[in-house]
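Note that ligands are numbered from 1 as they come in the structure, with each ligand's atoms numbered from 1 the same way.
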Amino acid sequence: MREIMTCQDTGTTIDFRSQGPCEVRHPWPAETAVCAVSGVVLIRNAKEGERTSYTMLFMEVYPPEAAFIRGEGATPEACEDTAWAKYQRALNCSDGSGSHNWEARGYRNGAGFCSRCGTFGSQIITSEQLDQFCRVCGTGTTYHRDTDNAAGTTTFLCEERYKTHKPTCHFSHDRPLAQLLAALIDEED
Ligand SMILES: [Zn+2]
Ligand SMILES: [Zn+2]
């Protein structure tokens with residue numbers, strides 16, 4: 001496996017930071033990228049109004065054929081097991097067509113979810129399916145989006161025209177992971 005933040009090959013271990021490196025329980029492909037953290041979750045007790053806390057482990061894995069998977073659990077084993085179960089669902093998702101049944105669900109950058117297994121994917125829905133075309137040359141594109149909140153309009157730029165029509169925000173378009181993270185952030189707006 002490869003640690004996303006450090007770009008280091010971690011072999012068959014996952015490091016949840018607070019726990020130290022843990023041997024993985026499942027045969028993840030070697031090219032799987034992983035980011036794992038442990039976090040404290042606070043919950044308010046409804047009756048007494050007191051807060052109790054517990055430690056929760058989270059991991060994000062990017063295995064081949066399933067762009068993005070999130071797992072969580074109280075232990076490293078439980079956390080990995082939930083992610084592995086989702087990965088198996090993604091790998092075995094088929095109605096005979098051999099592909100996922102992608103839905104955009106509001107995304108406009110080509111990302112979406114499979115309606116059967118819930119897998120998240122980037123660059124799986126075409127600009128034509130989304131009815132998005134470059135405002136300069138008219139080519140179908142998911143490359144760059146500008147939203148004018150005052151005018152209530154959204155326009156698009158293809159990669160070629162993006163270079164000559166400077167955008168108002170910047171992020172690297174040329175790294176798959178950056179695209180994936182941008183796709184996730186896109187959900188918030
Ligand atoms: Zn699927
Ligand atoms: Zn264009």
Side-chain angles (χ1 to χ4, degrees), residues 1 4 24-35 58-73 78-149 151-187 189:
M1 303 186 98
I4 290 170
V24 296
R25 295 150 58 80
H26 300 288
W28 297 97
E31 59 268 47
T32 300
V34 62
C35 178
F58 303 93
M59 63 187 280
E60 294 174 359
V61 283
Y62 300 81
E65 301 105 36
F68 169 78
I69 287 170
R70 182 175 296 176
E72 59 184 68
C79 186
E80 187 193 345
D81 284 352
T82 60
W84 181 257
K86 288 182 189 176
Y87 183 38
Q88 294 310 302
R89 260 207 310 282
L91 290 179
N92 295 311
C93 168
S94 179
D95 59 355
S97 69
S99 69
H100 295 286
N101 185 37
W102 298 114
E103 296 177 335
R105 296 191 195 173
Y107 283 107
R108 284 178 289 187
N109 55 9
F113 291 88
C114 174
S115 67
R116 287 192 299 267
C117 71
T119 291
F120 178 84
S122 65
Q123 298 180 299
I124 39 79
I125 297 174
T126 67
S127 49
E128 285 75 17
Q129 287 171 320
L130 293 165
D131 196 27
Q132 293 179 183
F133 301 93
C134 174
R135 68 170 179 256
V136 179
C137 72
T139 306
T141 187
T142 58
Y143 191 74
H144 180 79
R145 171 161 58 98
D146 284 313
T147 302
D148 185 332
N149 288 323
T153 57
T154 300
T155 55
F156 303 88
L157 284 172
C158 67
E159 185 169 6
E160 188 63 28
R161 301 298 177 168
Y162 175 85
K163 290 170 191 156
T164 48
H165 293 70
K166 281 295 171 196
T168 49
C169 71
H170 305 272
F171 71 91
S172 172
H173 283 282
D174 46 35
R175 288 163 43 226
L177 193 57
Q179 284 177 355
L180 200 57
L181 294 174
L184 288 166
I185 291 164
D186 225 27
E187 190 180 33
D189 69 25

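Using the six-membered ring where Trp is involved, W102 and H100 have ring planes that are tilted, between 30° and 60° apart. Using the six-membered ring where Trp is involved, H144 and Y162 have ring planes that are tilted, between 30° and 60° apart.
Close placement of the Y107 and F120 rings is indicated, their centers lying within 6.0 Å of each other.
Within the model, atoms CG of L130 and CZ of R145 stand 10.5 Å from one another, a figure rounded to the nearest 0.5 Å.
Counting heavy-atom neighbours within 6.0 Å of E160 CD, excluding the residue itself, gives a total of 12 or less.
Within the protein, the number of N, O or S atoms lying under 2.8 Å from the Zn ion (ligand 2) is 3.
In terms of modelled atom types and a separation under 3.5 Å, the side chain of Q129 and the main chain of T126 share a donor-acceptor contact.
One finds an angle of 110° at the Zn ion (ligand 1) between SG on C117 and SG on C114, to the nearest 10 degrees.
Closest to the Zn ion (ligand 1) among the N, O or S atoms of H100 is ND1.
For the residue pair D146 and T155, no side-chain donor N or O sits within less than 3.5 Å of a side-chain acceptor on the partner.
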